[in-house]
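Have a look at the structure below before the remarks.
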There are 2 protein chains.
Amino acid sequence: MSQSNPQLNLDNQICFRLYNASRQVTRLYQPLLKEVGLTYPQYIVLLILWEQDGQLVKEIGERAELNSNTLTPLLKRLAERGLVTRSKNPDDERQTFIHLTEAGKILEQSCDCIPAQMMAKAGLSMEQIQLLKQSLDVLIAQGKR
Amino acid sequence: MSQSNPQLNLDNQICFRLYNASRQVTRLYQPLLKEVGLTYPQYIVLLILWEQDGQLVKEIGERAELNSNTLTPLLKRLAERGLVTRSKNPDDERQTFIHLTEAGKILEQSCDCIPAQMMAKAGLSMEQIQLLKQSLDVLIAQGKR
DNA sequence: CTAAATTAAGTCGCGCACGATTAAATCACA
DNA sequence: TGTGATTTAATCGTGCGCGACTTAATTTAG
């Protein structure tokens with residue numbers, strides 16, 4: 001151990017685990033998402049739209065914690081694939097509404113089985129899941145202060 | 001709730017929290033890392049080198065769970081900033097050794113205070129940290145199966 | 001001893017993330 | 001009513017992540 005400061009040790013660093021765990025989970029999703037031709041962030045955005053269709057870019061951004069510099073190109077790709085439409089709000093031309101197309105709505109059914117498959121892959125008990133959720137929510141809340 | 005499948009609901013999805021928490025933590029690090037001019041992945045790689053200097057690209061990759069297609073450009077940037085050197089192993093010319101420069105070693109001292117500051121920012125108890133680590137380790141292990 | 005297989009690093013292309021900036025529309029209010 | 005401030009989306013540049021591939025060196029198997 002050439003480490004002077006034990007706190008710098010990677011094994012003690014929550015940051016490193018979080019960074020890796022997040023990428024591992026994305027990798028776990030990949031084979032499932034590949035079947036429906038979606039990337040992980042695209043899937044997140046569609047989850048938001050399946051929850052509530054016809055949202056503004058800003059509203060999707062607040063839910064996903066992503067800004068227009070990430071969302072605009074992503075949404076354009078979803079539009080090119082015919083999963084969503086992008087239309088200006090005539091009452092306020094600064095705003096862009098995102099609506100699901102029929103294809104986008106139908107895709108929800110194809111994704112129905114993904115959460116259950118992921119739960120199985122993750123290998124966590126319901127109890128562990130609950131604890132993990134709580135800890136992550138604290139971290140997420142801290143970032144917003 | 002326009003949601004047919006309750007498992008698809010974002011609030012129930014661990015994936016979404018993990019994805020957000022990971023980015024939030026990166027954002028929490030940013031003001032601290034900006035002072036030393038590092039990105040978050042660069043900091044991770046330097047943590048690995050501060051733990052053990054003189055590693056192969058492959059070894060760093062195993063520790064960080066990153067491949068050469070991510071590491072090579074990142075290491076080149078660190079080399080351009082004079083924090084590491086890249087040198088072929090004369091005994092096996094396929095391999096590239098990464099060594100810290102003096103500047104790279106000195107930078108460790110500047111980063112000494114980062115873990116403690118992050119612990120304060122994260123707002124988690126030691127108990128919560130331990131639980132979080134355990135859950136994340138399970139997820140990370142699942143990804144490797 | 002050489003041909004095939006393996007290994008390590010690098011290259012390429014795409015899609016995020018995100019800071020910084022811009023442009024346009026709307027709002028506030030003097 | 002005009003004008004400066006604010007809001008919203010889009011644009012731009014940089015740096016990851018990662019799948020797919022290439023290149024070069026080394027190992028192995030026959």
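Keep in mind that this is a model prediction, so the values were computed, not measured. Lettering follows sequence order; numbering is per chain, from 1.
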A:E80 bridged to A:R77 by N-O distance under 4.0 Å
no
Reported CE-to-CE distance for the pair A:M119 and A:M126, which is rounded to 0.5 angstrom
4.5 Å
Looking only at atom types and distance, does a side-chain atom of B:Q55 sit under 3.5 Å from a main-chain N or O of B:I48, one as donor and one as acceptor?
yes
By nearest-heavy-atom nucleotide on DNA chain C, the more 5' of A:N67 and A:Q42 is A:Q42
Quick check on D:dA10: is either OP1 or OP2 less than 4.0 Å from any side-chain nitrogen or oxygen of A:R86?
yes
Distance-only, no hydrogens or angles: does the B:Y19 side chain make a donor-acceptor pair with backbone N or O of A:P41 under 3.5 Å?
no
Check DNA chain D against residues 29-41 of chain B and give the residues with a non-hydrogen atom under 4.0 Å, in numerical order.
B:T39, B:P41
Counting primed atoms, P, OP1 and OP2 as sugar-phosphate and everything else as base, the B/S/- map of nucleotides 2-8 of chain D against protein heavy atoms under 4.0 Å is -----BS
Identify which one of A:L66, A:N67, A:I98 satisfies the side chain to side chain contact (heavy atoms under 4.5 Å, CB included) criterion when paired with A:V57.
A:I98
Taking any heavy-atom pair under 4.0 Å as a contact, classify B:Y19: base, sugar-phosphate, or nothing.
sugar-phosphate
Note: contacts of residues 71-79 of chain A with DNA chain C (heavy atom, under 4.0 Å) are A:L74, A:R77
Would you check if the side chain of B:K88 reaches a backbone N or O of B:T96 as a donor-acceptor pair within less than 3.5 Å?
no
Do side-chain atoms of A:T101 reach the backbone of A:L83 as a donor and acceptor pair under 3.5 angstrom?
yes
Using a heavy-atom cut-off of under 4.0 Å over every strand shown, decide if A:D91 touches base, sugar-phosphate, or nothing.
sugar-phosphate
Look at the side chain of A:N69 and the base of C:dG19, then say whether one donor and one acceptor between them are separated by less than 3.5 Å.
yes
Separation between CG (A:L132) and CD1 (B:I14), nearest 0.5 Å, reads 4.0 Å
Would a distance-only check, ignoring hydrogens and angles, find a side-chain to backbone donor-acceptor pair under 3.5 Å from A:D53 to A:L100?
yes
If only atom types and distance count, is the side chain of A:E59 paired as donor or acceptor with the main-chain N or O of A:L56 below 3.5 Å?
yes
